[in-house]
Amino acid sequence: MTDALVKEEIQDDLMHRGFARRDLARIAGLFGIGAAVATMGRPAFASGGVPDPAPEAKTRIGANECWTGPLMPGQQAAAKIIASGNRYSPHDERGDFIKAVMAVENVPYDHVAPWPGSSDPLCRSVVTYCSPERGLVTADPTFELAGRTAQWLKVPVKAVPLTKDYTHDVKGMLAADPNAGLYYICTPNNPTGTITPIADIQWLLDNKPADSMVLIDEAYTHFAGVPTASFLVSQRKDVIVMRTFSKIFGMAGMRMAFIMTNPDNIGKMMRYDGGMQSGALPLPSLACATASLTSAALIKARREEMEGVRAITLAHLKKKGLDVKPTAANMFMIDWKTKPAKDMQAAFRKQDVEIGRSWPIWPTVSRVTVGSKEDMTAFIGAVDKIVA
Ligand SMILES: Cc1ncc(COP(=O)(O)O)c(C=O)c1O
């Protein structure tokens with residue numbers, strides 16, 4: 001099929017799903033050259049009155065990044081492949097990466113698609129499965145990118161508060177829009193770090209309409225070390241499991257991620273750019289991710305390092321009588337009660353500590369990322385100065 005015919009087919013599909021002709025330019029903007037996606041991928045920093053992460057802050061625990069760089073086998077593989085960088089693909093490195101995912105996650109080859117970061121497939125899943133007639137359902141609070149993409153596309157969004165245990169209220173999510181195009185589950189959830197049980201996700205899958213999709217964003221799963229949902233993708237067509245290398249793997253700036261889902265879904269998500277984003281990935285990022293993903297002992301050691309530092313930090317905060325919510329990942333929520341989170345963020349910035357943002361549903365609660373031991377010692381020192 002020629003490019004023109006492919007474009008026409010995509011346009012017909014979008015209009016058939018209820019998008020107006022005038023919305024098509026917006027969608028093209030989203031996937032045109034990736035620039036719009038990159039901008040949209042930054043809401044992590046855009047809200048809460050913070051213009052950008054403060055790269056000059058000495059202690060940076062605001063953006064849920066890892067406190068250190070890629071695992072050593074990944075760094076070595078990335079450095080080694082630079083010498084072959086004249087070739088688009090010296091030896092099918094993309095295939096090697098997919099084989100590593102197959103080995104670790106036990107999914108078939110054609111069920112895996114790598115991507116340069118998970119922000120892109122996250123935006124793409126909204127345009128692929130939602131429309132003005134088939135909305136998006138998310139939790140509140142959760143990672144905002146899906147919701148913001150939907151708003152940009154004028155897709156109806158329902159944001160359903162978490163349960164009292166800070167898990168996704170899957171029954172409430174289905175009731176909020178029983179015919180949504182996409183249900184977004186982030187587990188561990190950003191910003192709370194809490195896990196939604198697989199049984200709840202399965203309930204949602206079994207009770208939603210067969211033609212709607214569930215996207216399970218497991219960006220932080222290695223920090224929690226809990227069973228993942230990847231086994232679902234070989235069993236059913238209506239689920240996408242998404243991972244990023246921006247968190248425990250310390251590769252946020254190297255841009256690597258992947259989705260696991262039925263090949264038909266991969267095809268649908270790729271068609272907006274002819275598979276370009278997924279097909280042409282930087283070699284050092286691919287090589288680094290492949291070597292990192294299979295380094296099980298090092299991943300475990302990194303998780304345990306984070307857990308140790310988190311335990312010391314939370315014990316100090318609780319001893320001071322501060323209200324810290326439960327977490328299973330490399331972030332926690334702290335409720336300052338009488339003080340707006342934005343003011344607290346500004347106060348920490350004065351101590352050279354950049355903490356995370358807040359969410360409108362909880363205006364006195366800040367997200368703090370668990371950094372290195374040194375980072376958290378600086379954070380605790382700042383807490384002791386700011387909170388009497
Ligand atoms: C839950 C969640 N999903 C996806 C992303 C996007 O990450 P990236 O585009 O770096 O893979 C983030 C980043 O903070 C996140 O927290």
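Position 1 is the first residue of the sequence; numbering continues from there. For ligands, and for the atoms within them, numbers begin at 1 and follow the listed sequence. Below, all heavy atoms of this structure are taken into account, side chains as well, without hydrogens, waters or symmetry copies.
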Legend entry - Within reach of ligand 1, part of Ala219 (heavy-atom separation under 4.0 Å): side chain
Inset, instruction - For ligand 1, note which part of Phe245 has a heavy atom under 4.0 Å away: side chain, backbone, both or neither. - result: neither
Legend entry - Numbered atoms of ligand 1 (with element) below 4.0 Å of Asp217, judged on heavy atoms: 1 (C), 2 (C), 3 (N), 4 (C)
Legend entry - ligand 1 contact by Asn64, heavy-atom criterion under 4.0 angstrom: no
Inset, instruction - Specify side chain, backbone, both or neither for Ser118, according to which of its non-hydrogen atoms lie closer than 4.0 Å to ligand 1. - result: both
Inset, instruction - Could you tell me if any non-hydrogen atom of Met256 lies under 4.0 Å from any atom of ligand 1? - result: no
Legend entry - Which of the ligand 1 atoms, numbered from 1, are nearer than 4.0 Å to a heavy atom of Ser246: 8 (P), 10 (O), 11 (O)
Legend entry - side chain to side chain donor-acceptor pair (under 3.5 Å) assessment of Tyr220 paired with Asn330: CA-CA 8 Å; Tyr220 300 92; Asn330 64 324; 5.7 Å; no
Kindly list each side-chain donor-acceptor pair under 3.5 angstrom involving residues 110-117, sequence neighbours excluded, with atom names and distances?
unit_1, atom_1, unit_2, atom_2, d
Trp115, NE1, Asp120, OD1, 3.1

Inset, instruction - From the options Ile61, Asn64, Ile355, select the one residue that forms a side-chain contact (heavy atoms from CB on, under 4.5 Å) with Arg367. - result: Asn64
Legend entry - Pairwise distance NE2(His168) to CG(Asp140) - rounded to 0.5 angstrom: 10.0 Å
Legend entry - Salt bridge present between Glu354 and Arg60 (N-O < 4.0 angstrom): no
Legend entry - Salt bridge flag under 4.0 Å for residues Glu374 and Lys58: no
Legend entry - Ser278 and Arg94: side chain donor to acceptor below 3.5 Å: yes
Legend entry - Cys186 near ligand 1 by a heavy-atom separation under 4.0 Å: yes
Inset, instruction - Considering the heavy atoms of Lys247, write down every atom of ligand 1 situated less than 4.0 Å from one of them. - result: 13 (C), 14 (O)
Inset, instruction - Check ligand 1 against Arg255 and write out every atom of the ligand that is under 4.0 Å from a heavy-atom position of the residue. - result: 8 (P), 9 (O), 10 (O)
Inset, instruction - Mind telling me whether Phe245 and Phe258 have parallel, tilted or perpendicular rings, with 30° and 60° as the class edges? - result: tilted
Inset, instruction - State the atoms of ligand 1, each with its element, that fall below the 4.0 Å cut-off from a heavy-atom position in Tyr220. - result: 1 (C), 14 (O), 15 (C), 16 (O)
